[in-house]
There are 2 protein chains.
Amino acid sequence: MTFVNEESVFRALADGARRKLLDRLHANNGQTLGQLCAEMDCTRQGVTKHLNILEEANLVVTVWRGREKLHYLNPVPIHEMAERWISKFERQRLAAMHQLKQALEGDDR
Amino acid sequence: MTFVNEESVFRALADGARRKLLDRLHANNGQTLGQLCAEMDCTRQGVTKHLNILEEANLVVTVWRGREKLHYLNPVPIHEMAERWISKFERQRLAAMHQLKQALEGDDR
DNA sequence: TCATTATGCAACCATTTGGTTGCCTATTCA
DNA sequence: TGAATAGGCAACCAAATGGTTGCATAATGA
């Protein structure tokens with residue numbers, strides 16, 4: 001059951017290192033911790049902490065293969081964020097642009 | 001010129017109080033600080049800090065009307081986030097779902 | 001004009017965050 | 001079997017974050 005907690009997802013996405021990890025899994029899914037540590041500019045333990053936050057937000061799911069831990073992207077939370085939150089603002093986008101312009105014009109009238 | 005800094009946008013969206021402020025502007029655009037303070041469970045100064053972070057991320061634009069400060073939603077950053085970042089993951093959504101399922105099946109095979 | 005209203009600014013505080021180091025455990029393979 | 005490899009866990013630390021209080025300033029209107 002994939003229950004998505006909005007708060008934990010937004011929090012997880014707030015950090016550049018974590019977004020980079022998601023980008024790297026997006027480019028190459030199912031990587032081990034060791035693989036993900038390469039090209040990250042912090043220690044393995046630091047990367048683990050970031051991955052744990054991504055896992056708690058359900059953005060990443062892990063599978064053990066022997067002594068290796070494989071990390072897979074879970075596309076559900078991002079999809080739900082897009083559906084529930086982003087799209088709400090996207091719908092009123094042009095109207096909001098118009099209101100903003102009107103306000104800025106009236107400013108120095 | 002609306003240049004959007006990805007980092008500041010994600011950071012700004014990470015806090016529930018700030019998302020609530022955006023939601024309230026979405027429901028009723030152009031509100032004053034005083035209006036926005038109602039229904040928020042922190043002081044006016046606390047709300048100001050949140051609004052400043054939203055403004056620095058260009059998610060909110062302000063216009064002075066006399067002694068009142070009006071707050072308007074700027075839909076551009078959320079739109080660009082959707083276009084640049086979200087959509088990249090949405091495109092590979094079904095493929096990622098499939099890879100995840102395969103990995104989870106292989107798990108207890 | 002003078003009280004009221006709307007907001008800004010600075011200092012301060014506790015908690016969270018992102019990162020480290022050090023050590024432990026489990027799997028692999030020569 | 002024993003060294004090398006992959007990763008976990010705990011303690012610690014500095015800096016950032018979210019919040020407060022107190023006081024200052026500017027616009028409004030009776």
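Convention: sequence-line order gives letters A, B, ...; per-chain numbering from 1. Here the structure is a predicted model, which means the values were calculated and not measured.
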Applying the 4.5 Å side-chain criterion to the ILVMFWY set and letting contacts propagate, would B/Ile53 and B/Leu21 be lumped into a single cluster?
no
Contact nearer the 5' end of DNA chain C, comparing A/Val47 with B/Asn52
B/Asn52
Can a side chain N or O of B/Arg11 be found less than 4.0 Å away from OP1 or OP2 on C/dG18?
yes
Report yes or no: is there a donor-acceptor pair, N or O only, under 3.5 Å between the side chain of A/Gln45 and the base of C/dG18?
no
Checking D/dT20, D/dT17, D/dG8 against the side chain of A/Arg44 (C-beta onward), the nearest is D/dG8
Which is true for A/Lys69 with a 4.0 Å heavy-atom rule: it touches a base, it touches only sugar-phosphate, or it touches nothing?
sugar-phosphate
What's the verdict on side-chain contact (heavy atoms from CB on, under 4.5 Å) for A/Leu104 and B/Tyr72, showing C-alpha distance, side-chain angles and the deciding distance?
CA-CA 10 Å; A/Leu104 289 173; B/Tyr72 287 91; over 6 Å; no
Rounded to the nearest 0.5 angstrom, the CE-NE2 distance for B/Met97 and A/His79 is 10.5 Å
Over how many whole Å does the gap from B/Trp64 atom CH2 to D/dT28 atom P extend?
11 Å
Specify the residue among B/Asp15 and A/His71 whose closest nucleotide of DNA chain D lies further upstream toward the 5′ end.
A/His71
Touch class at under 4.0 angstrom, heavy-atom based, for A/Gly34 against every strand present
sugar-phosphate
Measure the spacing between CZ of A/Phe89 and CZ of A/Arg93 and express it to the nearest 0.5 Å.
14.0 Å
Contact class for A/Arg65 vs. all strands (heavy atom < 4.0 Å): base, sugar-phosphate, or nothing?
nothing
Regarding A/Gly46, tell me which of base, sugar-phosphate or nothing describes its non-hydrogen contacts under 4.0 Å with the strands shown.
base
Take the protein atom CG of A/Leu54 and the nucleotide atom C1' of C/dT17, then report the distance between them rounded to whole Å.
14 Å
Between P on C/dT17 and NZ on A/Lys49, what's the gap in Å once rounded to a whole number?
11 Å
Could you tell me the separation between the CD atom of A/Glu55 and the P atom of D/dG8, rounded to a whole number of Å?
9 Å
Of the listed nucleotides D/dG18, D/dG7, C/dG8, the one nearest the side chain of B/Ile53:
D/dG18
Tell me the interatomic distance from B/Glu7, atom CD, to C/dG18, atom P, rounded to whole angstroms.
10 Å
Round to the nearest Å and state the distance from A/Leu21 atom CG to C/dG18 atom P.
12 Å
Identify which nucleotide among D/dG19, D/dT28, D/dA6 has an atom closest to any side-chain atom of A/Arg67, counting heavy atoms from C-beta outward.
D/dA6
With a cut-off of less than 4.0 Å, is there a side-chain N or O of B/Thr43 near OP1 or OP2 of D/dT20?
yes
pair B/Glu56-B/Ser8: side-chain heavy atoms closer than 4.5 Å
no
Side-chain N or O of B/His50 closer than 4.0 Å to phosphate OP1/OP2 of D/dT17:
no
Got A/Leu70 and A/Thr62 here, is their nearest side-chain heavy-atom distance under 4.5 Å?
no
Nearest listed nucleotide, side chain of A/Glu68, among C/dT7, C/dT20, D/dA6:
D/dA6
Could you state the atom-to-atom distance from CG of A/Leu33 to P of D/dC9 in whole Å?
12 Å
Rounded to whole Å, please give me the gap between CE in A/Met40 and P in C/dT20.
10 Å
